Amino acid sequence: MDKWFVELAGQQQDRGLTAVWVMVEESSGVVVGFYSLSNYAVLGSDLPKLGGKKLPARMQIPMHLLGKLGVHKAYQQRGIGQMLVNHALHSAKAQTAVSASLGVVVHALTEELALWYRALGFVAFPEHPLQLVMTMSAIAALP
């Protein structure tokens, strides 16, 4: 993550591939954490059962992608990751008002991270358990 943030985040943002959000500690100027958010699409047939009406199987369903998420080692285990995810979810929800999106997708790097995302309310894809989604209706219900 450090290498991506230092070497690629700015380049990808400049090229319009992602938007990078950064949390900085005011007193020290230390980057506490970051995340990237971009547009994404998923085939309807790949999605888990999300309730409501069935989605068209062959249609690309518009989503947001929470692509990268990182918390400085010195600041881990303080709830900052969850704060960053919540900010990303609410940012995606706000953008949905002008550009439709069914939800936010994440790709967990490990099973442990997938469990963490599930505890936050994400639902795993049936064929890809490390790929998870939270619908906009679920995001709207968050505090």
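Source: prediction; values computed, not measured.
The backbone N or O of A92 sits less than 3.5 Å from a side-chain atom of T96, completing a donor-acceptor pair. Put simply, the side chain of Q76 gets close to the backbone of V71: a donor and an acceptor are under 3.5 Å apart.
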Compile the donor-acceptor pairs under 3.5 Å between side chains in residues 133-143 and protein atoms, sequence neighbours left out, one pair per line.
from : atom 1 : to   : atom 2 : distance (Å)
T135 : OG1    : S137 : OG     : 3.1
T135 : OG1    : A138 : N      : 3.2

Test log, rule side chain to side chain contact (heavy atoms under 4.5 Å, CB included), inputs F34 and K68: CA-CA 8 Å; F34 65 89; K68 302 287 182 185; 4.1 Å; yes
Side chain to side chain contact (heavy atoms under 4.5 Å, CB included) between L47 and L55, intermediate numbers included: CA-CA 9 Å; L47 287 166; L55 297 167; 3.5 Å; yes
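With sequence neighbours excluded, no residue forms a side chain to side chain donor-acceptor pair (under 3.5 Å) with R78.
Pairing each heavy atom of T18 with each of S36, the nearest pair is OG1-CB, 3.1 Å. Minimum interatomic distance between L132 and A108 (heavy atoms only, all atoms of both residues): CD1-CB, 4.1 Å. Of all the heavy atoms in R58 and L43, the pair that sits closest is O-CD2, 3.5 Å.
Side-chain atoms of Y35 and H87 form a donor-acceptor pair, as typed in the model, at a separation below 3.5 Å.
Screening L66, L130, L65 for a side-chain contact (heavy atoms from CB on, under 4.5 Å) involving V106 leaves a single residue, L66.
Note: H64 NE2 to S101 OG = 5.0 Å, rounded to the nearest 0.5 Å.
Remark: E111 CD is packed, more than 12 non-hydrogen atoms of other residues, nucleotides or ligands lying under 6.0 Å away. Annotation: W116, atom CH2; neighbour count of heavy atoms from other residues, nucleotides and ligands within 6.0 Å is above 12.
Between Y40 and H107, the distance from one ring center to the other falls under 6.0 angstrom.
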